[in-house]
Amino acid sequence: MAGISCKKALDQSSTQVSPENLQWTSINDSRSALMGVYGLFRSALANNYAQWVYGDLRFGDFSSYNRPDLDAAIRNQLNASFPMIKDLADWRRFYAVINSAAVFIEHAPAVVKADPKYSQANLVLDIAQVRALRALAYFYLVRIWGDVPLVTYAYDNGTFPAIGRTSATTVLDYAQRELQAAAIDLPYYYGVSPQTYYGFNQSNWTGVLLNKVSAYAILAHMSAWQGNYVNTDVYAGLVMDNAAKAGITASSIGYLTAANGIFQGRQPAQLVAFGAIDFNGESSGAGHLEDLTLAQPFVARVKPQIFVSRDTLSSIFTDAYDFRFGTDTLAKTFWTNYITGYNSSTPVFSKIKVIRDGVSDGSYPVFGSAMLISRLEDIQLLRAEAMAALNRRDEAIRYLNLIRQNRGVPLFLQTSTANIVDAIFAERRRELMGEGWRWYDLIRYHKIRQKDTAFSRLIQTGGIYWPVSTSVLSANSLIQQNPYWK
């Protein structure tokens with residue numbers, strides 16, 4: 001029962017209490033504020049399915065079914081007048097995370113003096129987490145909007161400061177310094193016996209909070225986004241070398257796609273993830289990929305809202321024995337771990353299917369999947385990308401093959417004449433489908449290969465970024481619209 005009560009306490013803290021509204025006199029205040037920052041982050045990514053609209057839909061592999069707003073995102077029509085598109089152009093939810101983190105950093109030290117149950121060691125762990133969360137929020141902002149305001153202090157009155165945009169390079173440099181500092185203080189585990197963390201032990205915190213390897217994983221991606229592949233290799237190497245210390249392991253195809261596998265909440269194999277948050281400590285249908293992708297036989301919906309077409313599947317999954325999705329028509333062998341109902345005009349993307357607490361016929365399903373940002377396979381392929389960009393082909397092949405051998409795909413041979421960069425990004429496309437990486441991968445891929453003139457022009461003209469919402473522009477005259485969207 002301890003684990004259940006812990007989860008409910010965390011979920012209630014994250015949804016009910018804003019750090020700006022606390023008294024900062026007890027350990028309960030600090031716990032509520034910390035969980036509030038986590039809750040705000042998940043809310044920012046769950047709102048209007050932001051994690052997937054930003055990361056998977058633009059020029060991605062999913063098609064929409066009777067959702068013109070989602071179709072607009074897929075086609076990069078980000079100035080369309082749909083409410084969802086307009087809402088996702090607003091960056092204020094990410095700044096709510098950033099402000100709450102700053103409020104915590106400024107006010108939490110007072111709790112050490114006011115409540116003897118809140119130790120200095122506890123404070124150090126908490127501040128490291130919120131610094132890492134703030135850095136991750138800035139990483140999202142830069143990838144989505146480019147240059148953004150850099151705010152490093154709390155604005156407790158709720159009014160966003162009237163400042164202009166800071167270059168994306170400067171913002172990422174700040175975020176990296178924050179993460180580097182946080183990584184020093186972050187542990188591999190929380191509440192390791194005989195110590196506890198907020199009164200709970202290690203098993204209660206696994207898969208809930210950012211840890212040391214989480215910070216390394218984010219730093220690896222930040223470095224790759226900047227084209228600094230030397231640092232990408234360093235940080236990805238730190239993840240791979242220290243993964244076991246945090247219980248991080250590779251996922252079999254069964255664990256990857258099971259209803260109770262890695263996408264279920266609080267799994268140790270999750271490098272960076274945000275679990276489902278609900279007032280009662282239960283999961284809800286809001287902000288889960290399953291609400292867009294699942295249909296019969298999983299839920300009562302006849303058609304999914306988004307799906308991967310048969311033609312797209314055939315072009316992506318080129319090996320007949322790929323455990324994720326493969327078809328050998330001669331042997332009549334089908335691997336359908338990612339897809340259900342392949343013969344339908346709208347195959348169901350069922351890789352992620354954590355359904356619980358719903359009625360038996362699925363008419364009102366309650367989804368329970370965690371928002372998984374990174375896992376070990378993501379970092380292994382990112383390190384392969386770094387090796388390829390640094391012309392260290394043999395090492396790139398070695399890391400690429402870590403994934404291929406685990407998915408039933410023939411190893412990439414050193415004698416192969418195929419382009420190794422193409423092979424790595426094709427593997428990321430298959431392995432990470434539906435996890436919010438496709439759009440960001442496309443940008444990095446085209447920066448490396450530079451063989452697609454149209455996409456290169458999109459990068460050069462700022463078309464890879466979202467427009468800034470009209471509400472932000474009207475509230476702050478120092479903010480200018482991204483030139484591509486003027």
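All values reported here derive from a predicted model rather than from experimental measurement.
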| Taking only residues two or more places apart in sequence or in another chain, which ones pass ring-ring contact (aromatic ring centres under 6.0 Å, His included) with F94? | Y140
| said: Suppose we screen for ring-ring contact (aromatic ring centres under 6.0 Å, His included). Which residues come up paired with W52, at least two apart in sequence or across chains? | reply: none
| query | With a 3.5 Å cut-off and no angle check, do the side chains of S469 and S471 form a donor-acceptor pair? | reply | yes
| field | Test item: R429 side-chain N/O and L442 main-chain N/O as donor-acceptor pair under 3.5 Å | value | no
| said: Suppose we screen for salt bridge (charged side-chain N to carboxylate O under 4.0 Å, His left out). Which residues come up paired with R375, at least two apart in sequence or across chains? | reply: E377, E431, E435
| With sequence neighbours excluded, residues passing ring-ring contact (aromatic ring centres under 6.0 Å, His included) with F59 | W439
| Side chains of N211 and S214: do they bring a donor and an acceptor to under 3.5 Å? | yes
| query | Residues in salt bridge (charged side-chain N to carboxylate O under 4.0 Å, His left out) with K451, at least two apart? | reply | D422
| Any pair counted as ring pair (Phe, Tyr, Trp, His ring centres under 6.0 Å), so long as it reaches residues 465-486, sequence neighbours left out | Y54-W466
| message | Assess, by modelled atom type and distance only, whether the side chains of Y138 and E178 contain a donor and an acceptor separated by less than 3.5 Å. | response | no
| Stepwise side chain to side chain donor-acceptor pair (under 3.5 Å) check, N337 with R407 | CA-CA 11 Å; N337 286 294; R407 299 294 180 249; over 6 Å; no
| request: Verify whether one side chain among E106 and Y153 offers a donor that lies under 3.5 Å from an acceptor in the other. | output: no
| remark: The side-chain hydrogen bond (donor to acceptor under 3.5 Å, both in side chains) partners of N406 (sequence neighbours excluded) come to none
| said: Can a side-chain donor-acceptor contact be found between E290 and S369 if the only test is distance below 3.5 angstrom? | reply: yes
| query | Who pairs with Q270 by side-chain hydrogen bond (donor to acceptor under 3.5 Å, both in side chains), at least two apart in sequence or on another chain? | reply | none
| Set of residues satisfying salt bridge (charged side-chain N to carboxylate O under 4.0 Å, His left out) with respect to R177, sequence neighbours excluded | none
| request: Would you mind listing every salt bridge (Lys or Arg N to Asp or Glu O under 4.0 Å) that reaches into residues 217-236, with sequence neighbours excluded? | output: D233-R383, D233-R392
| message | According to side-chain hydrogen bond (donor to acceptor under 3.5 Å, both in side chains), who are the partners of Q480, at least two apart in sequence or on a separate chain? | response | none
| Side chain proximity check, L133 to F274, heavy atoms < 4.5 angstrom | yes
| query | Listed by chain and number, what are the ring-ring contact (aromatic ring centres under 6.0 Å, His included) partners of Y342, not counting sequence neighbours? | reply | F325
